[in-house]
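Taking it in order: structure first as structure tokens, then the write-up.
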Amino acid sequence: MRADAGPHLRDCVPVPGGKALLGTAHPLIEGDGEGPLVEKRVRDLWWERGATSIAQFRRFVDATGHVTEAERYGWSFVFHLHVPGGGEGTLGVEGLEWWRRIEGASWERPAGPDAPPGADDMPATHIAFEDARAFAAWAGGRLPREVEWEHAARGGLGDVRYPWGDDEPDDARFLPCNIWQGTFPNHDTGADGFAGPAPVHSFTPNGYGLHHVVGNVWEWTAEPFRLRSGRKAARALNAQARGRRLLKGGSFLCHRSYCHRYRIAARTGNTPDSSSSHTGFRVVYDTPPAH
């Protein structure tokens, strides 16, 4: 552990090891490899209560001089409703035009240089895989494996769909996490209090004391994205996804009508140099953090 990283480690909670569940017996998005449900074992770990915040990431940058992938490229993807002027005149992603290529967007300026800087308690976004891994190593920790992530997300509840149980969020009354409400991609009512990312320690934590294990921002894990199946179709998909890394948890843009990936077993993959305004990470530690 780096001496200058110590204070970052004071915001952890213990997550007991033992029997751990991975996946689901009732996958919703077959092509993502959500199943099958299997039982494994994990060790005791210490988890950051929330995703790494802008303030925490700034301390890392100040201590190391780290330059993120987005800063090297000079741009990153920002959701169109969060870009001043709606991103008029910027390039979009074909078929996903709500993502706009914004010059100068980064962890410090998540909506781009023409918008205010991100608040200290917001999640650090526009983070590529190697950025997340570098921060975790500096902090004396690492990125979690998928089974560790799911075990922690379940909060001791066992085979449940969400960190709070099996009840499905709606658009008005039951709002346990920061996801989309309304009609995607042009109208987010913000019924949960946020039409975009939320502070890392907002909303009720799960049974292990972890905030936002689903919703808010996608979290990088330590593993490549692959389907846990020997079937021919799975082998073909794994070949197509070679080089992609696994992310868990969904984001503030998820909704059951469009991207029902704010479930514990849900998953996605992306290239390791990808960054966007809904991608962050969380650190896990193998030993009790020093104070």
Subject >> Residue pair I264, V160: steps toward the side chain to side chain contact (heavy atoms under 4.5 Å, CB included) verdict >> reply: CA-CA 8 Å; I264 292 171; V160 292; 4.2 Å; yes
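- A heavy-atom distance below 4.5 Å is found between the side chains of L253 and F184.
- Taking each heavy atom of H126 and V78 in turn, the nearest pair found is CE1-CG2, 3.8 Å.
- A salt bridge links R261 with D32; the closest basic N to acidic carboxylate O contact falls under 4.0 Å.
- For the atom pair CZ (F252) and CG (D188), the distance works out to 9.0 Å, reported to the nearest 0.5 Å.
- Of the charged side-chain nitrogens involved, none lies within less than 4.0 Å of a carboxylate oxygen, so that R267 and E34 do not count as a salt-bridged pair.
- Note on E48 versus R282: no salt bridge recorded, every NZ/NE/NH1/NH2 to OD/OE distance being 4.0 Å or above.
- Other residues, nucleotides and ligands place no more than 12 heavy atoms under 6.0 Å from the NE2 atom of H26.
- The residues D120 and R58 are annotated as salt-bridged, a charged nitrogen and a carboxylate oxygen being separated by less than 4.0 angstrom.
- A donor-acceptor pair is defined here as one N or O able to donate and one able to accept, closer than 3.5 Å; no such pair exists between the side chain of D273 and the backbone of E69.
- The environment of R72 atom CZ is dense: over 12 non-hydrogen atoms of other residues, nucleotides or ligands sit within 6.0 angstrom.
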Original post:
Going through the checks in order, is the side chain to side chain donor-acceptor pair (under 3.5 Å) test met by S257 and H255?
Top reply: CA-CA 5 Å; S257 67; H255 188 270; 2.7 Å; yes
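- Contact detail for P185 and W180: the closest heavy-atom pair is O-CH2, 3.6 Å.
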**OP:** Could you walk me through whether E219 and L247 pass side chain to side chain contact (heavy atoms under 4.5 Å, CB included), step by step?
**Re:** CA-CA 5 Å; E219 298 181 6; L247 299 105; over 6 Å; no
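- With rounding to the nearest 0.5 angstrom, the CZ atom of F281 is 13.0 Å from the CZ atom of R133.
- Checked by atom type and distance alone, the side chain of D44 never pairs as donor or acceptor with a backbone atom of P16 at under 3.5 Å.
- A distance-only check finds a donor-acceptor pair linking the side chain of E71 to the backbone of T68 [under 3.5 Å].
- Aromatic pair H82/F79: ring centres closer than 6.0 Å.
- If you take OG1 on T24 and CG on D159, they are separated by 6.0 Å, rounding to the nearest 0.5 Å.
- Checked by atom type and distance alone, the side chain of W164 pairs as donor or acceptor with a backbone atom of D167 at under 3.5 Å.
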Original post:
Stepwise, does the ring pair (Phe, Tyr, Trp, His ring centres under 6.0 Å) test hold for F203 with H211?
Top reply: CA-CA 7 Å; F203 288 81; H211 296 262; 9.2 Å; no
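- Separation of atoms CG (D192) and CD (Q181) is listed at 4.0 Å; rounding is to 0.5 Å.
- Here K248 pairs with E150 in a salt bridge; the nearest charged N to carboxylate O distance falls below 4.0 Å.
- Look at D11 and R49 and you find a salt bridge, because one of the NZ, NE, NH1 or NH2 atoms lies within 4.0 Å of a carboxylate O, short of that distance.
- Residues T125 and T279 are not in side-chain contact: their nearest non-hydrogen atoms beyond the backbone lie 4.5 Å or more apart.
- Summarising the geometry of G141 relative to Y285, their closest heavy-atom pair is CA-CD2, 3.4 Å, with the distance given to 0.1 Å.
- Side-chain contact check for V15 versus W46: every heavy-atom pair is 4.5 Å or farther apart.
- Linking Ile, Leu, Val, Met, Phe, Trp and Tyr whenever their side-chain heavy atoms come within less than 4.5 Å leaves L22 and L227 in two separate clusters.
- Here the CG atom belonging to N186 is positioned 6.5 Å from the CG atom belonging to L81, to the nearest 0.5 angstrom.
- Salt bridge annotation for E223-R245: absent, with no cationic side-chain nitrogen under 4.0 angstrom from a carboxylate oxygen.
- Residues A128 and W220 come closest through the heavy atom pair C-NE1, 3.6 Å.
- Under the 4.5 Å side-chain heavy-atom criterion for grouping Ile, Leu, Val, Met, Phe, Trp and Tyr, W107 is connected to L143 within one hydrophobic cluster.
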Subject >> S275/S76 under side chain to side chain donor-acceptor pair (under 3.5 Å): CA gap, chis, key distance, verdict >> reply: CA-CA 6 Å; S275 65; S76 188; 2.7 Å; yes
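- Using modelled atom types, one side-chain atom of T221 and one backbone atom of L246 make a donor-acceptor pair closer than 3.5 Å.
- For F77 and W98, the gap between ring centers reaches or exceeds 6.0 Å.
- For the residue pair H278 and S276, the shortest heavy atom distance occurs at ND1-OG, 2.8 Å.
- N178 places a side-chain N or O within donor-acceptor distance of the main-chain N or O of G196, the cut-off being under 3.5 Å.
- E39 and R41 are not joined by a salt bridge, as no carboxylate oxygen comes within less than 4.0 angstrom of a charged side-chain nitrogen.
- Nearest heavy-atom pair, P123 versus N216, reported as atom, atom and distance to 0.1 Å: CG-ND2, 3.9 Å.
- Note that the CZ atom of R145 and the NZ atom of K40 stand 8.0 Å from one another [nearest 0.5 Å].
- In this structure, the side chain of Q56 does not engage the main chain of I54 through any donor-acceptor pair within 3.5 Å.
- Proximity of V213 to N206: side-chain heavy atoms (C-beta onward) are separated by under 4.5 Å at one or more points.
- Note: Y162 and Y262 have parallel aromatic rings, judged against thresholds of 30 and 60 degrees for the angle between ring planes.
- Partner of H212 under the side chain to side chain contact (heavy atoms under 4.5 Å, CB included) criterion, chosen from S202, P197, C177, P163: S202.
- When atom types are taken as modelled, the side chain of R173 and the backbone of D170 share no donor-acceptor pair closer than 3.5 angstrom.
- The backbone N or O of R161 lies less than 3.5 Å from a partner atom in the side chain of D166, making a donor-acceptor pair.
- The shortest side-chain heavy-atom distance between L91 and R100 does not fall under the 4.5 Å cut-off.
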